[in-house]
Amino acid sequence: MHARTRGIRTTVAALAAAAGVAAVAVPAAAATTPASATTATSATPRFLEPAELPPHPTSPWYAGPVTAGQPDPLPVCVGEALPSIATHRSFGTEYDTSAQQITVVERDVQRAKDFAALLRKDLAGCAKKLMERDPDITATQKYYGRLNVEEGAHVYGLHTASAWGSSDIGLFSVGRDGRTVTIVLWGQMGNFQHAQVSDFKTTTVTAVNKLY
């Protein structure tokens with residue numbers, strides 16, 4: 001496997017369920033997905049649209065369908081905690097940037113609180129766990145704080161560098177509205193200097209606000 005492809009597969013590509021470079025995470029044809037495909041009743045959480053993601057300087061965003069179940073492959077850091085009742089939507093650009101939103105509706109508010117806390121715990125320990133699993137990976141993470149939207153959202157960053165030369169940056173957020181938890185992921189090749197933190201926070205606020 002090419003070193004560059006391997007690095008993306010290990011880290012950022014997993015954010016958007018891509019099998020190779022992030023550019024193929026969502027086919028360009030998905031851009032034509034009608035808005036009605038994600039129109040929801042008041043009991044069904046809504047998902048982000050491509051225009052609500054952090055803007056890419058040279059490419060539009062493309063969206064896949066809202067899909068029931070866990071993403072495949074599971075995203076890094078948060079994937080192991082995802083239940084089968086999850087629903088997800090993947091996004092991609094024509095280049096090396098990908099994104100994903102995953103939403104879980106729990107039976108009650110307490111279960112949603114517990115699930116959000118579990119996700120935050122997994123994110124807080126993600127860099128350490130990645131390095132324990134793969135000695136060829138060096139991982140560094142940052143916590144970017146809490147966002148005041150509905151019951152709150154928290155934003156994290158993760159940079160991974162590999163022995164074969166890849167360098168990937170990912171942003172993660174966990175937000176809750178009542179008994180619904182939503183996770184937003186964004187990633188591309190690069191480091192913390194390339195992280196669109198302000199834009200990602202805006203996207204997170206939008207994601208949580210528009211759930212219902």
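Quick caveat: nothing in here was measured; it's all calculated off a predicted structure.
Put simply, the side chain of V76 does not reach to within 4.5 Å of the side chain of T160, judged on heavy atoms. T97 places a side-chain heavy atom less than 4.5 Å from the side chain of W61. Side-chain contact between T93 and L53 is absent, with no heavy-atom pair separated by less than 4.5 Å. Using a 4.5 Å cut-off on side-chain heavy atoms (C-beta onward), S167 and H159 make contact. Residues S90 and T67 have side chains not in contact (no heavy-atom distance under 4.5 Å, counting atoms from C-beta outward).
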Inset, instruction - Just do the side chain to side chain contact (heavy atoms under 4.5 Å, CB included) check on H56 and Q196 with the steps written out, would you? - result: CA-CA 10 Å; H56 191 283; Q196 292 178 246; 5.9 Å; no

Legend entry - Stepwise side chain to side chain contact (heavy atoms under 4.5 Å, CB included) test for W186 and T203: CA-CA 10 Å; W186 170 98; T203 293; over 6 Å; no

Inset, instruction - Decide side chain to side chain contact (heavy atoms under 4.5 Å, CB included) for L147 and V208; before the verdict, give the C-alpha distance in whole Å, the side-chain angles of both, and the deciding distance to 0.1 Å. - result: CA-CA 10 Å; L147 303 178; V208 178; over 6 Å; no

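Checked by atom type and distance alone, the side chain of K142 never pairs as donor or acceptor with a backbone atom of F192 at under 3.5 Å. Side-chain N or O atoms of S59 include one that pairs as donor or acceptor with a backbone N or O of E94 at under 3.5 Å. Checking side-chain atoms of S162 against main-chain N and O of I137 turns up no donor-acceptor pair under 3.5 Å. With Q100 contributing its side chain and H88 its backbone, the two residues share no donor-acceptor pair below 3.5 Å.
L158 is connected to Y143 through a chain of hydrophobic side-chain contacts under 4.5 Å among Ile, Leu, Val, Met, Phe, Trp and Tyr, so both are in one cluster. Neither I183 nor L118 shares a network with the other; the hydrophobic side chains, linked directly or stepwise wherever heavy atoms of I, L, V, M, F, W or Y lie under 4.5 Å apart, form separate groups for each.
Pairing each heavy atom of V197 with each of Y144, the nearest pair is CG2-CZ, 3.6 Å. Residues Y95 and T58 come closest through the heavy atom pair CE1-OG1, 3.4 Å. In terms of heavy-atom proximity, A207 sits nearest to Q101 at CB-NE2, 3.9 Å. Residues L48 and R89 share a closest heavy-atom pair of O-NH1, 2.8 Å.
For the atom pair CD1 of I169 and OG1 of T140, the computed distance is 9.0 Å after rounding to the nearest 0.5 Å. L82 CG to L119 CG: the interatomic distance, rounded to the nearest 0.5 Å, is 7.0 Å. In this structure, L130 CG and E132 CD are separated by 9.5 Å, a value rounded to the nearest 0.5 Å. In this structure, NZ on K113 lies 10.0 Å from CG on D108, to the nearest 0.5 angstrom.
With sequence neighbours excluded, the residues satisfying side chain to side chain donor-acceptor pair (under 3.5 Å) with E80 are R133. Shown here are the salt bridge (Lys or Arg N to Asp or Glu O under 4.0 Å) partners of E52, two or more places apart in sequence or in another chain: K210. Every residue two or more places apart in sequence or in another chain that forms a side chain to side chain contact (heavy atoms under 4.5 Å, CB included) with R107 is listed here: R111. Under the rule for a side chain to side chain contact (heavy atoms under 4.5 Å, CB included), the partners of P83 that lie at least two apart in sequence or sit in another chain are I85, V104, F115. Scored by the side chain to side chain donor-acceptor pair (under 3.5 Å) test, Q193 finds no partners at all (sequence neighbours excluded). Contacts of K121 classified as salt bridge (Lys or Arg N to Asp or Glu O under 4.0 Å), with partners at least two apart in sequence or in another chain: none. Residues meeting the side chain to side chain donor-acceptor pair (under 3.5 Å) test with N209, sequence neighbours left out: none.
Listed by first and then second residue, the disulfide bond (SG atoms under 2.5 Å apart) pairs involving residues 86-125 amount to none (not counting sequence neighbours). Under the disulfide bond (SG atoms under 2.5 Å apart) criterion, no residue pair touches residues 174-212, with sequence neighbours excluded. Evaluation of the disulfide bond (SG atoms under 2.5 Å apart) test over residues 118-172, restricted to residues two or more places apart or in two chains, returns C77-C126. Applying the disulfide bond (SG atoms under 2.5 Å apart) test to pairs two or more places apart or on separate chains, none has a residue in residues 153-212.
T103 pairs in a side chain to side chain contact (heavy atoms under 4.5 Å, CB included) with only one of the listed residues (T182, V66, T44), which is T182. The side chain to side chain contact (heavy atoms under 4.5 Å, CB included) test with K201 singles out one residue from V155, V149, T206, and that residue is V155.
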I'd like a table of donor-acceptor pairs (distance under 3.5 Å, sequence neighbours excluded) in which one partner is a side-chain atom from residues 170-181, with atom names and distances.
| residue | atom | partner | partner atom | Å |
| --- | --- | --- | --- | --- |
| S173 | OG | T204 | OG1 | 2.8 |
| R176 | NH1 | G178 | O | 2.8 |
| R179 | NH1 | E106 | O | 2.6 |
| T180 | OG1 | Y212 | OH | 2.5 |

